[in-house]
K.L.:
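Encoded as structure tokens, here's the structure I'll be asking about.
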Amino acid sequence: AIGDAAVATVEVSVEDFMAMTPEQIAALPKTKQKRLTRLASALERKKSKAAVIAVTSAPAGGGGSAAAKKQKSLRKKASMAAAVADPVEAYVNTTSPAEKKDVAAPMASAYHLNAVESAWYGWWTQHDYFNPDGNSDLPPFVMMIPPPNVTGSLHLGHTLMCAIEDTMTRWNRMRG
């Protein structure tokens, strides 16, 4: 288990979280408490489903029976829960605030907000990328946004449309 003083600063594994006292859990940031609670419940579900799979024997003969399909589904869900329950490595930012982010370290296998965005925002504000240039010779940038979908049936195209417009707006904002 982890000591009280180190709880807030150390990356906590799901197993350590499940062994913590209520006081140690309360010392964690709320977002970390929520994430670890979700991961702990997923781990518990995985363990209970694994126990069901171990007890249930495969039916003799026809492999396409409903029981065999159910067992295969339980195995798949248990492996997905195991993937969710893997702890995330703690990221240590080695970049000073006024410097461009150091990207020499190997890239993580998945996107983690604090590892990716840790140094960029400070560097952007240091270089005034968010401040408009009042003396710019560029014409003003204006984009018309279509009204929302009247049918009420949203799909992936709506998300894609907004992502492209957002990217264009941010790029033009950074140009001045």
Side-chain angles (χ1 to χ4, degrees), residues 1-59 63-127 129-130 154-160 162-164 166-167 170 174:
I2 297 174
D4 291 337
V7 168
T9 58
V10 173
E11 187 63 33
V12 179
S13 71
V14 178
E15 289 79 15
D16 287 342
F17 175 75
M18 294 170 70
M20 283 183 172
T21 64
E23 294 82 22
Q24 289 174 322
I25 292 172
L28 291 171
K30 294 291 182 192
T31 54
K32 192 174 281 192
Q33 286 179 23
K34 275 182 150 178
R35 183 177 65 83
L36 288 170
T37 302
R38 280 196 311 262
L39 291 174
S41 65
L43 184 62
E44 287 297 322
R45 285 193 305 272
K46 180 191 91 163
K47 286 179 181 178
S48 66
K49 288 179 183 178
V52 167
I53 291 171
V55 171
T56 309
S57 62
S65 70
K69 288 179 183 178
K70 178 71 174 176
Q71 191 174 25
K72 183 178 179 181
S73 172
L74 286 174
R75 274 196 221 106
K76 184 176 179 180
K77 288 179 182 176
S79 69
M80 288 171 53
V84 168
D86 288 339
V88 177
E89 292 181 24
Y91 173 74
V92 177
N93 186 10
T94 59
T95 307
S96 64
E99 298 291 324
K100 196 169 188 178
K101 184 175 178 185
D102 179 19
V103 291
M107 236 166 93
S109 60
Y111 175 80
H112 301 292
L113 178 73
N114 59 346
V116 175
E117 304 293 338
S118 63
W120 289 119
Y121 191 81
W123 188 71
W124 290 338
T125 54
Q126 184 79 18
H127 289 83
Y129 285 129
F130 296 119
L154 297 177
H155 52 78
L156 193 58
H158 294 96
T159 304
L160 179 62
C162 294
I164 291 170
D166 181 59
T167 303
R170 289 171 190 265
M174 290 179 74

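Since the structure is predicted, the reported quantities are computational estimates derived from the model, not experimental observations.
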K.L.:
What distance separates Thr37 OG1 from Lys30 NZ, expressed to the nearest 0.5 Å?
P.N.:
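These two atoms lie 10.0 Å from each other.
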K.L.:
When you measure from the side chain of Ser73 to the backbone of Lys69, do you find a donor-acceptor pair of N or O atoms at a distance under 3.5 Å?
P.N.:
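No, Ser73 side chain to Lys69 backbone: no donor-acceptor pair under 3.5 Å.
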K.L.:
As an exercise, state the distance from CD of Glu44 to CG of Leu39, rounded to the nearest 0.5 Å.
P.N.:
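CG of Leu39 is found 12.0 Å from CD of Glu44.
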K.L.:
Who passes side-chain contact (heavy atoms from CB on, under 4.5 Å) against Thr125, sequence neighbours left out?
P.N.:
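Only Tyr121, Phe130 meet the side-chain contact (heavy atoms from CB on, under 4.5 Å) criterion with Thr125.
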K.L.:
Can you tell me how far apart CE (Met20) and CD (Gln33) are? Round to the nearest 0.5 Å.
P.N.:
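Met20 CE to Gln33 CD: 9.5 Å, rounded to 0.5 Å.
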K.L.:
Using the side-chain contact (heavy atoms from CB on, under 4.5 Å) criterion, which residues pair with Ala40? Sequence neighbours excluded.
P.N.:
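Only Val14, Phe17, Met18 meet the side-chain contact (heavy atoms from CB on, under 4.5 Å) criterion with Ala40.
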K.L.:
Mind checking the CG-CG spacing from Leu36 to Leu43? Nearest 0.5 Å is all I need.
P.N.:
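So the CG of Leu36 and the CG of Leu43 are separated by 11.5 Å.
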